[in-house]
Structures are given as C-alpha cells and as structure tokens.
Amino acid sequence: MAAGGRLLLLFLLPWLVTASHSPPGCKIRITSKGLDLVKQEGLRFVEQELQNITVSDLHGKEGQFHYNISQVKVMDLQLALSDLHFQPQQHLVFNINNASISLRFRRQLLYWFFYDIGSINASADGVHIHTVLQLAKDEAGRLKISNITCNASIARMHAGFSGTLRKVYEFLSTFIVTGMRFLLSQQICPSLEHASLVLLNSVLDTVPVRNYVDEHIGIDYSLLRDPAVSTDTLDLDFKGMFFPRVRENQELENHAVEPVIKETERMVYVAFSEYFFDSAMHSYFQAGVLAIELQGEKVPKDLEVLLRATFFGTIFMLSPTVDAPLRLVLQVSAPPRCIIKPSGTSVSVSAFLNISLVPPGHPAVQLSSMAMETKLSARVYLQGKALRVQLDLRRFRIYSKQSALESLALFSLQAPLKTLLQLTIMPIINERTKKGVQIPLPEGMDFTKEVVTNHAGFLTVGADLHFSKELREVIEKYRPAPTAAARPSSESTAPSMEPPQL
C-alpha cells in the first residue's frame with residue numbers, strides 16, 4: 001500500500017508542480033546594464049549613510065596618562081572601487097574595495113598637572129566592505145530585502161597629532177588608533193544594515209501592489225513568487241490582474257501564454273500577456289460601464305435622417321410618434337478579447353445596438369436590435385511609468401438578430417454606423433484609456449527610450465531607466481518614524497577605562 005502511494009505521488013508530481021506555477025500577467029526583467037545605473041545612485045546613498053556613522057567616545061589610561069577621544073566625525077569618503085552584481089538564486093552582492101575614510105575628532109589628555117585639548121585628523125585606508133542582500137516576496141506580495149550579511153574591515157589607520165603634547169600622543173597613538181579602528185569597523189555594517197532593511201525597503205514600499213486605477217477597476221501587481229536571479233538578470237513575476245471594484249475578490253483564471261523575455265540589451269524589459277489586457281476589459285464589463293447611450297440631439301443629424309428613412313414604414317405605422325426623438329443604446333454583450341500577434345495587437349468586441357423612439361410621456365418604442373462584431377487595432381505604448389493604449393476601428397459588421405432579411409435591409413447602415421463609432425464612440429473610449437496604468441516601479445525611477453515588440457500571445461517593452469528623483473529624496477519622503485530598534489546601538493565594545501573628569 002505504501003509502495004502504491006509513492007507510485008501515485010510520482011505520477012502526480014509533475015501535475016502538482018505545473019499547477020503551483022501560476023503564469024504571470026506581467027513580468028519585469030532588470031539586466032546588468034540596469035543594475036549599473038542603480039549602482040551609481042546607490043553608491044551616493046551609501047556615501048551619505050557612512051558619513052552619518054556615529055562612533056562612541058574612546059577613553060583610557062596608560063600609567064599616569066588619561067586620554068579621551070570624542071566628537072568623531074566622518075569628513076570625507078573615497079569609494080572609487082565598488083561593484084554591484086547579481087548572485088543566483090535571490091541575491092545582490094555589493095562590494096567596496098580599498099576605500100578610504102577621513103575622520104576628525106576631539107582629543108583630551110591629562111598627565112599629572114598637564115592638560116591638553118585639541119583636534120586630530122585621521123584616515124582609515126584599505127577599507128573593504130562585502131555585503132550580500134537577499135531579495136524575497138513578502139506577505140503582501142511586494143519585493144523586499146529580507147536579509148543582509150555584511151563584513152567590513154580596515155587595513156590601516158593613521159592619525160596626525162599636533163600641539164604641546166604631540167610627542168606624548170605619538171607614544172599613545174598605537175592605543176588610540178587601534179581603538180578607533182575597531183570602533184569604526186564595528187559601525188559600518190550596522191549602518192548599512194539599517195540603510196538596507198529599513199530605508200531601502202521604504203523605497204520598495206512605493207511600488208504599487210494592489211491599487212485602484214479609476215472609479216471602476218483596480219489592479220493587482222502582487223508578486224507570484226520570489227525573484228529569480230541569474231548572473232546577468234533579475235526576473236520578477238507579477239500577477240498582473242485587473243479586478244472590478246464592485247467585486248474586488250473576484251479572480252479571473254489565467255489561460256494565456258506566459259511571457260518569455262530573452263533579451264538583455266536594454267536596462268529593463270516589461271512583458272504583458274493577453275491575460276493582462278483581457279482582465280482589464282473583463283473588469284470593465286463586470287463593472288457595467290461598457291455601454292453608451294445617445295438620445296435626441298446627441299445622435300448625429302445625418303445618421304438620424306438615415307435611420308428614420310430606413311425604418312420609415314415602421315415609424316409611419318407608429319404615428320403620431322413619428323417626430324419622437326431617437327435613442328441609440330450601444331452595449332458590449334461579452335467581455336472583449338485581446339489578441340497579440342507578431343504583426344500587431346487587436347481587440348475583438350461583440351455588442352448590440354438598440355434603436356428606439358422615445359415619445360415624450362410614452363413608453364419607448366424599439367425599432368431594431370442589431371448585433372455588432374468589431375475588431376479594433378490597439379497601439380500599446382509607454383509614457384513615463386504609465387502603460388497606455390490607443391484604439392482604432394479596423395473592421396465592423398452589423399446584422400439583425402431577428403432575420404436574415406432584416407440584416408440585408410440594415411446593409412445601408414453599415415457605413416454611417418461605422419462613421420458614428422469612429423467620430424463619436426472611439427474618442428470616448430480613448431479618453432478613458434488615456435490615463436493608462438502605472439507599471440510597478442519605485443517612485444523616482446522612470447523609463448526612457450521605450451520600444452514595444454509584439455510576440456505570439458504577449459508583448460514586451462524594452463527601455464532604459466533614469467532617476468527622476470534622487471534616492472535620498474524618496475527616502476526622506478517615506479522615512480519610517482524612528483524607533484528604539486530601528487537603528488543598531490553605537491555603544492562601543494572596545495575595552496576602556498573610565499578617566500577622571502577633565
């Protein structure tokens with residue numbers, strides 16, 4: 001029985017793996033070129049963080065000499081040799097080699113009755129910092145830095161002494177420099193840990209996960225799984241599903257082709273499957289907004305004359321309501337479908353058009369109910385961080401739902417109704433899609449030089465990146481409120497002796 005169970009599990013395992021792998025509606029790839037840009041901005045941020053290092057006072061006693069070092073301040077950093085690269089499976093590695101840090105601090109010395117006070121300039125050379133950031137999906141489906149490992153070392157440290165007791169300080173320099181070297185190296189990693197786990201994560205919090213697009217629909221950009229990191233790329237799989245605000249928990253099953261990104265030439269690639277666009281149109285359909293009504297003066301005059309001529313016999317039999325206003329109700333009958341091919345993107349729409357007379361003070365009189373099949377060409381483009389769609393009418397056909405004879409009679413309405421759609425309806429639709437939807441990037445980062453490429457079942461947008469805001473500016477805007485545990489304690493662990501009050 002146990003053997004049979006294992007055999008059944010063996011057969012079911014491939015199916016279970018496939019079922020657990022939900023295809024993304026949206027996928028983002030960041031390449032090594034994009035990481036180089038992030039490194040430039042990140043290096044400035046690291047310099048700013050290290051300049052704010054807080055080093056505890058250093059004090060001690062050697063014979064009759066009592067010394068106290070305080071008010072340590074970082075004056076300058078040289079981080080010329082740095083590297084940021086991907087490390088499979090979920091990591092970013094940040095290295096700084098052979099850096100230098102210039103310091104300035106206050107000195108106090110007491111030897112018997114001699115007291116000296118002044119400042120000391122020091123430099124830490126051969127600074128090496130090795131940091132590994134682990135990236136993961138959090139419970140909300142947002143990308144986060146989940147863990148950091150850090151090692152820091154200082155190869156050499158020098159201090160320049162001056163003043164009355166310069167020779168004494170030079171004698172004590174071994175104790176002072178060794179202590180300062182230890183204290184400084186102990187503060188580098190806690191500073192970078194706070195910068196990563198708190199400050200950089202506050203920037204990642206600006207990436208939209210589940211937001212409203214307008215008053216009718218929202219979008220779910222939650223990550224489906226942890227990021228996949230290779231030596232050259234970082235791939236993020238997003239749900240990429242729109243939902244109607246009237247049914248926010250509604251799930252639309254994804255049967256579309258999974259986007260596959262093979263390119264690495266640009267800084268970033270964003271791929272969208274047919275499911276991404278289908279879920280948007282399905283949500284609008286569920287929200288009940290894919291309908292337009294034209295009545296009275298809103299009906300184009302030429303079309304009204306033609307409609308009255310077409311239905312003259314019916315209207316005449318309905319006398320005395322011949323002069324009643326016309327009403328046209330155009331309503332989509334099923335969720336539109338998006339089709340993406342290498343040759344282009346199109347949208348298929350099925351709808352019906354009801355034509356009625358609306359006599360004042362009387363019930364409406366329906367003249368005809370037509371079925372419509374329309375194919376729209378779609379131009380998908382990126383502007384800033386907004387994905388937008390421009391639609392154009394390509395094919396149009398109407399027919400009667402009652403009889404083939406009436407369909408033949410409606411043939412003369414084909415051209416004017418197509419004109420009505422082009423001149424009246426399409427501008428309304430394109431005005432709704434003009435705002436677009438934001439792509440999940442952090443605040444302060446935008447796309448440039450976008451190129452859209454169509455594939456079978458999905459399209460990709462290749463682009464470069466640029467920072468419209470400095471990383472520091474975004475961090476200061478969203479900096480978390482300070483807490484006792486937010487920043488590691490800077491208390492020294494170096495051995496010291498309490499000096500007398502100076």
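Sequential numbering from 1 along the given sequence is applied to the chain's residues.
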One thing to verify: whether [Y] and [X] come together as a salt bridge, which I'm taking to mean a side-chain N less than 4.0 angstrom from a carboxylate O.
X      : Y      : answer
Glu215 : Arg245 : no
Arg472 : Glu476 : yes
Arg266 : Asp464 : yes

* Asked: Taking only residues two or more places apart in sequence, or in another chain, which ones meet Tyr221 in a ring-ring contact (aromatic ring centres under 6.0 Å, His included)?
  ->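 Not a single residue meets the ring-ring contact (aromatic ring centres under 6.0 Å, His included) criterion with Tyr221.
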* In chain order, what residues pass the ring-ring contact (aromatic ring centres under 6.0 Å, His included) check against Phe243, with sequence neighbours excluded? ->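 None.
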* Would you sort out whether His455 and Phe458 count as a ring-ring contact (aromatic ring centres under 6.0 Å, His included), showing the intermediate values? => CA-CA 5 Å; His455 305 271; Phe458 66 96; 4.7 Å; yes
* Run the numbers on Thr264 and Asp232 for side chain to side chain donor-acceptor pair (under 3.5 Å), then give the verdict. => CA-CA 8 Å; Thr264 58; Asp232 300 313; over 6 Å; no
* Would a distance-only check, ignoring hydrogens and angles, find a side-chain to backbone donor-acceptor pair under 3.5 Å from Asn454 to Lys341? ->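 Pair found, side chain donor or acceptor close to backbone of Lys341.
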Please round to the nearest 0.5 Å and tell me the distance separating atom [atom1] of [X] and atom [atom2] of [Y].
X      : Y      : atom1 : atom2 : result
Leu50  : Ser191 : CG    : OG    : 5.5 Å
Met370 : Leu328 : CE    : CG    : 8.5 Å
Ser230 : Gln87  : OG    : CD    : 12.0 Å
Met445 : Met267 : CE    : CE    : 10.0 Å

* Derivation of the side chain to side chain donor-acceptor pair (under 3.5 Å) call for Tyr275 and Glu258 -> CA-CA 9 Å; Tyr275 172 80; Glu258 180 172 347; over 6 Å; no
* Which atom names give the shortest non-hydrogen contact between Glu41 and Glu470, and what distance separates them? ->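 The answer is OE2-CA, 3.4 Å.
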* To do: Any chance you could lay out the side chain to side chain contact (heavy atoms under 4.5 Å, CB included) test for Val380 and Leu387, step after step, and finish with the verdict?
  => CA-CA 7 Å; Val380 181; Leu387 184 74; 3.6 Å; yes
* To do: I would like to know whether Phe276 and Phe242 meet ring-ring contact (aromatic ring centres under 6.0 Å, His included); could you show each step before the answer?
  => CA-CA 7 Å; Phe276 180 87; Phe242 291 84; 5.1 Å; yes
* To do: Not counting sequence neighbours, list each pair that qualifies as a disulfide bond (SG atoms under 2.5 Å apart) and has a residue in residues 189-258.
  =>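 Residue pairs with at least one partner in residues 189-258: Cys150-Cys189.
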* To do: Show your working on side chain to side chain donor-acceptor pair (under 3.5 Å) between Tyr478 and Asn201 and close with a plain yes or no.
  => CA-CA 10 Å; Tyr478 296 99; Asn201 274 338; over 6 Å; no
* To do: For His130 and Asn95, run side chain to side chain donor-acceptor pair (under 3.5 Å): C-alpha distance rounded to whole Å, both residues' side-chain angles, the deciding distance at 0.1 Å, then the answer.
  => CA-CA 5 Å; His130 177 75; Asn95 287 321; 2.4 Å; yes
